[in-house]
Amino acid sequence: MQPLAIIRAAASSLVRHKLRSLLTTLGVIIGVAAVIALVAVGNGAQAKVASDIASLGQNLLLVFAGNRRSAGGVSSGLGGAPLTLDDAKAIQREVIGVTGLSPEVRTSGQAVANGQNWSTSVIGVSGDYLAIRQWTLSGGVMFTPAEERAVAKLGVIGSKLAAQLFGANVDPVGQTVRIKNIPFLIIGTLTSKGANLGGQDQDDVLLIPYTSAMRRLTGDTTLRTVDVQVASDDQMNAAQEQIESLLRQRHRLRKDQTNDFNILNQAELAQTAGNITKVLTLLLGAIASVSLVVGGIGIMNIMLVSVTERTREIGIRLAIGAQGRDVLWQFLLEAVLLSCLGGVIGIGIGVGGARLVTVVSGFQTFVSSSAVAFAFGFSAAIGIFFGFYPARKAARLDPIDALRYE
Amino acid sequence: MPALIDLDSIQKVYRTGGSEVHAVRSVTLSIQPGEFVAFMGSSGSGKSTMMNILGCLDRPTGGHYLLDGEDVSTLDRDERALVRNRKLGFVFQGFNLLPRATALENVEMPMLYGHRRTRRADGLARALEALTQVGLGDRWDHRPNQLSGGQQQRVAIARALVNRPALLLADEPTGNLDSRTSLEIMAIFQALNAQGHTIVMVTHEPDIAAFTSRQIHMKDGRVVHDAPVERPLDATAELRALQGDVAMAAHAR
């Protein structure tokens, strides 16, 4: 039979049973839509995690006091030798490629200003902090090294905290915020950064010089965290090693002793998180693919019913000269058309569903062309695979029996 | 003139379980081009099996069948399909039209098979021509359920004719029709026969066989009687007489 005539015969039988065709292909539609939408959500999660990690800062090494990866999984994070300001200065002075360094002294307290009272977090940092964390000011200035040395009562304020204390209409710059009864003059405002990976609002914050934080608020003389920025990506590992050997030397650790500090490499973190989210995306796609297979079984089921139901038609076609392969192709093509139709509709619904997720929840989704191609190709393959058995059954019918079939 | 059909000791044995059923036992006969033959017999006489073998739907278990000079008794499934497509036209008792296709699409169907490269427009033109030949040129877009039984059978005849077969096979073509419509169908067959078409028909009705030019009676798988019909009835004349009767009856009332 001529290919065009086969396509016409297959398509016309689908058109004649519109509702049945639609219901049959529903499994494939849902499967394809699920693969595309879920992979889009997975891609969105991947991008979100990557951008969150990037927003930590560029080429960032975080040095923590205490060894969090100690043997047996027991955290000795609070014990061990702390980091000192001298350690920090040594890193800045001796490690090659360090372009910025900031101690981080975190505390929390009630912020009082303008008759308002708000519990917030206060972080003592150096002037480099903004550059390290890829943060910018929306107004005012950052404190200078001189002001750090002077243990100045100054601060830059996060947008959330500013809004809580002063409302939207008052410029916080020039105002005073009291923490533990110590007045801090606001000299700058931070741009909004949103929540961090842990869901914490990074805008509900007051940044003050680390010297002021240590001496005026916490009374600490040692550091828990030091942020180090490295000039470029390819210097990260070298810098990490140098910091490690420098600190081991300074802390006088023997060869058999483990580190009493811990270095978090942002590039490593990004890679690990990226791998995890990639596996997650694959997993989502794989689970959705199961429904594609189920859809294929649905197609096979209906095609088997259809072959039985149309035994007489097959008998007529065989009697007037259709060969086995003519009948095979007709039914195979019907199954493939069904599954491809399901593929096309499923792509539409999948893409639409991904958009809907973005619109409703604000969560960014990315429809990847490879997921679309995979889902469509898979659905076509399913049509061939699950359509073959019924089609072969039709092609092998005996014309005499088929003509007699009631 | 060489025979169109040449059967040489054709046998058909079915094995069901342990026993053998001899549906056809050694039939030897030939049919010349232009003949109009009726195979007759009661059910179980083997005439349907003969029909299936003549129609290349089935293969004999013994003997040789030359159709148009070609031995078709040894062909495989697909080769027989090709022979059916090119040399044979079928008319069945139950019409066997595709219910959801129009008359024209039904008639077009044989041209879609058999490796022929016909342009669709040419095929449709030929299908329309065949429909016109059986008097249904104006109903080409009707579906079978919009046609009467006689009209459906005429569509089936058009479908059988469209590939210009060497042999027209009819299996109880009037079995589902009333006597008047049966006459119309027989008139068409006689007209086709007069144009030179060779027709082989299976029937158990002597009234219908009376319109053919040769009757072959079968019993228990054997040919028991094979003779030309002395004076075949003319279906057109019978039809006219029937209409006359109806007219006279109406007049008398």
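Labels below follow one simple rule: chain letters A, B, ... track the order of the sequence lines, proteins then strands, and each chain is numbered from 1. Note: hydrogens, waters and symmetry copies are ignored here, and every other heavy atom, side chains too, is used.
- No other option in B:M109, B:R120, B:E108 has as many heavy-atom pairs under 4.5 Å with chain A as B:R120.
- Distance alone, capped at 3.5 Å, is enough to place a donor-acceptor pair between the A:T365 side chain and the A:A354 backbone.
- Heavy-atom distances place the side chain of A:I400, and not its backbone, under 4.5 Å from chain B.
- For residues 48-60 of chain B, the interface with chain A (any heavy-atom pair closer than 4.5 Å) comprises B:N52, B:L57, B:D58, sorted by residue number.
- Checked options B:I31, B:I216, B:L88; the residue passing with B:V200 is B:I31 (criterion: side-chain contact (heavy atoms from CB on, under 4.5 Å)).
- By the side chain to side chain contact (heavy atoms under 4.5 Å, CB included) test, B:R164 is found to be paired with B:R126, residues two or more places apart in sequence or in another chain being considered.
- Distance alone, capped at 3.5 Å, is enough to place a donor-acceptor pair between the B:S45 side chain and the B:S42 backbone.
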Atom pairs and distances, side-chain donor-acceptor, residues 278-293 of chain A, under 3.5 Å, sequence neighbours left out:
residue: A:T281; atom: OG1; partner: A:G42; partner atom: O; Å: 3.4
residue: A:T281; atom: OG1; partner: A:Q46; partner atom: OE1; Å: 3.3
residue: A:T281; atom: OG1; partner: A:T277; partner atom: O; Å: 2.8
residue: A:S289; atom: OG; partner: A:G285; partner atom: O; Å: 2.8
residue: A:S291; atom: OG; partner: A:A288; partner atom: O; Å: 2.5

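- At distances below 3.5 Å, not a single donor-acceptor pair connects side-chain atoms of B:R25 with backbone N or O atoms of B:R222.
- If you measure heavy-atom distances from A:A395 to chain B, the contacts under 4.5 Å come from the backbone alone.
- No side-chain donor-acceptor contact under 3.5 Å links B:E172 to the backbone of B:T203.
- There is no contact between A:R310 and chain B, counting heavy-atom distances below 4.5 Å.
- At a 4.5 Å heavy-atom cutoff, the contact between A:R396 and chain B is made by backbone atoms alone.
- Interface remark: B:R80 contributes no atoms to any contact with chain A (heavy atom separation under 4.5 Å).
- A:Y389 OH: 12 or fewer foreign heavy atoms inside a 6.0 Å radius.
- For B:F95, the ring pair (Phe, Tyr, Trp, His ring centres under 6.0 Å) test picks out no residue, with sequence neighbours left out.
- When heavy atoms are compared at a cutoff of 4.5 Å, B:R100 approaches chain A by way of both its backbone and its side chain.
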